[in-house]
> 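Take a look at this one; I'll ask things after.
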There are 2 protein chains.
Amino acid sequence: MTGIADVAALAGVSKATASRALSGSGYVSSAARERVLDAVDRLGYVPASNAVGLATGRTRAVGVIIPYVHRWFFAAVLEGIQQVFLDSGDDLLLYNAMPGSVGRALIFDDFLARKRFDGLVAVGLEPDDAELARLGALERPVVSVVGEAGPDVIAIDDVAAVTIAFEHLRALGHERIAFLGGGDPSRHWARVDRRRLEAFQALMRDAGLESAARHVPSAVDVAGGFAAATRLLTAPGPRPTAIIGTCDEVAIGAALAARGLGLSVPGDVSLVGIDDHELAVTFGLTTVKQSPFEQGARAARVMLERIAGRESLIEGPAECGLVLRTSTGPA
Amino acid sequence: MTGIADVAALAGVSKATASRALSGSGYVSSAARERVLDAVDRLGYVPASNAVGLATGRTRAVGVIIPYVHRWFFAAVLEGIQQVFLDSGDDLLLYNAMPGSVGRALIFDDFLARKRFDGLVAVGLEPDDAELARLGALERPVVSVVGEAGPDVIAIDDVAAVTIAFEHLRALGHERIAFLGGGDPSRHWARVDRRRLEAFQALMRDAGLESAARHVPSAVDVAGGFAAATRLLTAPGPRPTAIIGTCDEVAIGAALAARGLGLSVPGDVSLVGIDDHELAVTFGLTTVKQSPFEQGARAARVMLERIAGRESLIEGPAECGLVLRTSTGPA
DNA sequence: TTGAAAGCGGTACCAC
DNA sequence: GTGGTACCGCTTTCAA
């Protein structure tokens, strides 16, 4: 292995000078610097990161703890995070902490304790108290995307998102509106999902439409939305004229269910989601768009600030806004 | 920070003994071991991994280089890999190397060169020559899942998979069969996709059905399948009675296209995919199932062997087999 | 502006 | 069995 000693030797300087020349800190004559840099690429020298880490106390790595990777939202967040760290030069340690899994316990009990990172980005974590304590013990910055694992949180305003969907439907004249989601039996996404449900209920109440409100709990994925919508649309009594899905996957499930039942969208029932999932365009789904990729990137940038010891503020909630497609129409 | 010196002091032994007691190598009296272990959890001692790394030359981390994270297949592989490393105790470094991106170049030029891992799992990598050279320079084991970045490759046999789909359709009496995929304009998944296309063409030829074969290139996702199927099904001339999608996402796109055109599945057209995507069941898609999660897990286990210096063999291609649902029927 | 040397936190060889 | 000690490769005083 070629180390900094080799570089120093080839450049005819001491290790100390070589180190300074490379880190850019401290005085080095430009002549010396030149020779060092030259030696570096003659030898193809790459600093041993654990040696650097040992000496500086910094790891130049960031941890990302995330419940799933196979859901659209999470995958996009992860890619956004990665992109920023790719050009800050930080390595990314992945911790896939599925709620309730043994793996998750291992991560909190063992992996995080090793502190192989300078900071931790928590995505949709929804930690319990014990987990929160672990995060605190880290003594390292924690930035969250959706879910509240510390002071720095990046997420859309769920109430605002639901309000946008709701008002769009109201403007089209809908009154019998249903909400799919909230109370996912598997308890994932629980907090976000519940916030959205409560926002919906409040909105209906304030509009004097409380009795026209419907709600079917749904697992937060396509199959869940399909099942929930099937129940909703085959239930006795007047059929709702519009459905809000707690996210696009649920709304897409609802679209499939409606088609399966021979119902036309938006003729018989209008559909709105939240997300702007990659499939939303294929399904013509009207939705409240958000950008998980951008949220991940923003979280990563905030993390870089925190690691650098800067306390710059987070500038408000992440953006979201209506994207009109063909799944909504007049009541 | 509490180090091994503190543990040794509290246990009343030397650093050397403490180290031995913890690593389990070398002679330590059980009395001493007991006291050390005791000290460890009184102090909540966790070894500093970079110090360990410096001293041993091992990182206790594994890199995973993967083109995407937001596709079903890749996400599942990643989760499979993570699961195994979670209980081997190895950290997982993620390198999201999207083909053609600047990030990918950075990864190959800078990140990998740091060698912060004991081995690298390459998922669907399809590296070019320069990239392959970089991997070689790593001097660390490389295990691939789909794509050929070294001697150890875990993947299904694409020819076998296509043959299964083909023979299923033939048994139902289909002759005008189309293949969607192959020649993805974005050039991702290029090798796999092409292998499947060629297998299809050979099969049709051998069955004397060459002139009944159709082929429409498709991007390897739902939107791509939708577009390709729409073209195929609205083209002049006799309509194919069956379609093989290069993967389930493409086949699902085709299902949506068929419905959009008022065609019934499988009445007017039968559909088969490859994968058993999580949406396949919702769409009733008949498919050649494979398990990317299991492939990832297997790759991780092989990696553990290689890191340990063992040369155990890979036991043949990953499994795949037909899953019958409702998207295929008699010609 | 530069170099010697003392760590950083472990591991492992070697003598006792 | 156990302890002293020389590294692992780099950064960072401190003195020159």
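Not measured: the values here are computed from a predicted model. All heavy atoms count here, side chains included; hydrogens, waters and symmetry mates do not. Chain naming here is simple, since letters A, B, ... match the order of the sequence lines and numbering starts at 1 in each.
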> Out of D/dG9, C/dG10, D/dC10, which nucleotide sits closest to the side chain of B/V52?
C/dG10
> Please give, in whole Å, the distance from C/dG3 C1' to A/K15 NZ?
11 Å
> Indicate the atoms forming the closest heavy-atom contact of A/N96 with A/P67, along with that distance.
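For A/N96 versus A/P67, the nearest heavy atoms are ND2-O, 2.9 Å.
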> With the side chain of A/S25 defined as its heavy atoms from C-beta on, choose the nearest nucleotide among D/dT12, D/dC10, C/dT11.
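Out of D/dT12, D/dC10, C/dT11, the nucleotide with an atom closest to A/S25's side chain is D/dT12.
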> Between B/R60 (CZ) and C/dG10 (P), how many Å, whole number?
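For the pair B/R60 CZ and C/dG10 P, the rounded distance is 16 Å.
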> Heavy atoms only, 4.0 Å cut-off, all strands: where does B/T56 land among base, sugar-phosphate and nothing?
sugar-phosphate
> Of B/S30 and A/G3, whose closest DNA chain D nucleotide lies nearer the 5' terminus?
B/S30
> Taking the side chain as every heavy atom from C-beta outward, state whether A/D118 and A/T59 have any atom pair closer than 4.5 Å.
yes
> Roughly, in whole Å, what's the span from CG in A/L54 to P in D/dC10?
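Whole-Å distance recorded here is 12 Å.
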> Of the options C/dT2, D/dT12, C/dG10, whose atoms approach the side-chain atoms of A/S19 most closely?
D/dT12
> Side-chain contact test, heavy atoms from C-beta onward, threshold under 4.5 Å: evaluate it for A/M303 versus A/P141 and give yes or no.
yes
> Which of these nucleotides, D/dG9, C/dT2, D/dT2, is closest to any side-chain atom of A/R20?
C/dT2
> Mark yes or no for whether B/D193, through its side chain, and B/A190, through its backbone, hold a donor-acceptor pair below 3.5 Å.
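No: the side chain of B/D193 does not pair with the backbone of B/A190.
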> Please state whether the phosphate of C/dT2, meaning OP1 or OP2, lies under 4.0 angstrom from any side-chain nitrogen or oxygen of A/S29.
yes
> Which part of the nucleic acid, if any, lies within reach of A/A16 when heavy atoms closer than 4.0 Å are counted: base, sugar-phosphate only, or nothing?
base
> Would you kindly give the NZ-to-P distance between B/K115 and D/dG9, to the nearest whole Å?
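So the NZ-P distance, B/K115 to D/dG9, works out to 12 Å.
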> Please give, in whole Å, the distance from D/dC10 C1' to B/N50 CG?
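Rounding to the nearest Å, CG of B/N50 and C1' of D/dC10 are 11 Å apart.
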> Output the single nucleotide from D/dC10, C/dT2, C/dG3 whose closest atom is nearest the side chain of A/A51.
D/dC10
> To the side chain of A/I4, which of D/dC10, D/dC8, C/dT2 is closest?
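Among D/dC10, D/dC8, C/dT2, the one nearest the side chain of A/I4 is D/dC10.
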> Without decimals, in angstroms, what is the distance between A/R35 CZ and C/dT1 P?
14 Å
> Tell me which nucleotide among C/dT2, D/dG9, C/dG10 gets nearest to the side chain of A/T17.
C/dT2
> Measure from CZ on A/R58 to C1' on C/dC8 and round the result to the nearest Å.
15 Å
> How close or far is atom P of C/dG9 from atom CG of B/L22, stated in whole angstroms?
16 Å
> Looking only at the side chain of A/Y27 (C-beta and beyond, no hydrogens), which of the listed nucleotides C/dT2, D/dT2, D/dT12 gets closest?
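Ranking C/dT2, D/dT2, D/dT12 by closest atom to the A/Y27 side chain puts C/dT2 first.
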> I want to check a possible cation-pi pair here: A/R114 against A/F111, using under 6.0 Å from ring centre and within 45° of the ring axis as the test.
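Geometry flag: set, cation within 6.0 Å and 45°.
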